[in-house]
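Got a structure for you, questions after.
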Amino acid sequence: MMRTEVLKAYRQILKATRKSFAGDSQMLKASAMEVRTKFEENRSVASESDIQRLIDDAYTAAQFISTNIVQAKLNDRGSYEMKPSKEHAGATLEVPSEEILKN
């Protein structure tokens, strides 16, 4: 039963990253690798309470990704623009520096 919950949480995070980083293959690949790495690091956790805490953390991460990350895209004018969706309502906006955007 716990295995089913772990897999469900794993899929939920991947779904959130696919939505947030749609069209950005580099971020999609990097985020999927990071999620996989984090789950693999905790593969040997045996305590049911620890597993449940990790599952809860995974759902929190998926919620954070869905509501707090908006992918900026370069427009025809040479500047970046974001199109937040209804899931982002009420979230605070943190604009990355030009140095971060160049990478």
*What distance do Ile55 atom CD1 and Thr60 atom OG1 have between them, rounded to the nearest 0.5 Å?*
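One finds 12.0 Å between CD1 of Ile55 and OG1 of Thr60.
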_For Lys8, all residues meeting side chain to side chain contact (heavy atoms under 4.5 Å, CB included), sequence neighbours excluded_ =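 Testing Lys8 for side chain to side chain contact (heavy atoms under 4.5 Å, CB included), a comparison that skips the adjacent residues, returns Glu5, Arg11, Tyr59.
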*Quick one: side chain to side chain contact (heavy atoms under 4.5 Å, CB included) partners of Val35, sequence neighbours excluded?*
Tyr10, Ile13, Leu14, Phe39
*Measure the OG-NZ distance between Ser20 and Lys15 for me, rounded to the nearest 0.5 Å.*
12.0 Å
*Name all residues meeting the side chain to side chain donor-acceptor pair (under 3.5 Å) criterion together with Asp50; count only those two or more places apart in sequence or in a different chain, and write none if there are none.*
none
_Thr4: partners by side chain to side chain donor-acceptor pair (under 3.5 Å), with sequence neighbours left out_ =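 Counting only residues at least two positions away or on another chain, Thr4 forms no side chain to side chain donor-acceptor pair (under 3.5 Å).
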_If you count every heavy atom of other residues, nucleotides or ligands that lies below 6.0 Å from Glu41 atom CD, does the total exceed 12?_
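Counting neighbours around CD of Glu41, more than 12 heavy atoms of other residues, nucleotides or ligands fall under 6.0 Å, so yes.
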*How would you list all residue pairs meeting salt bridge (charged side-chain N to carboxylate O under 4.0 Å, His left out) that involve residues 24-34, not counting sequence neighbours?*
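Checked against salt bridge (charged side-chain N to carboxylate O under 4.0 Å, His left out) - neighbours excluded - the pairs reaching residues 24-34 are Glu34-Lys38.
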_Rounded to the nearest 0.5 Å, what separates atom CG in Leu7 from atom CE in Met2?_
12.0 Å
_Ser79: which residues meet the side chain to side chain donor-acceptor pair (under 3.5 Å) condition with it, sequence neighbours left out?_
Asn75
*Supply the atom-to-atom distance Ile69 CD1 to Lys19 NZ, rounded to the nearest 0.5 angstrom.*
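Answer rounded to 0.5 Å: 13.0 Å.
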*Determine the minimum heavy-atom distance between Leu28 and Arg18, stating which atoms define it.*
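Closest pair (atom of Leu28, atom of Arg18, distance): CD2-CA, 3.5 Å.
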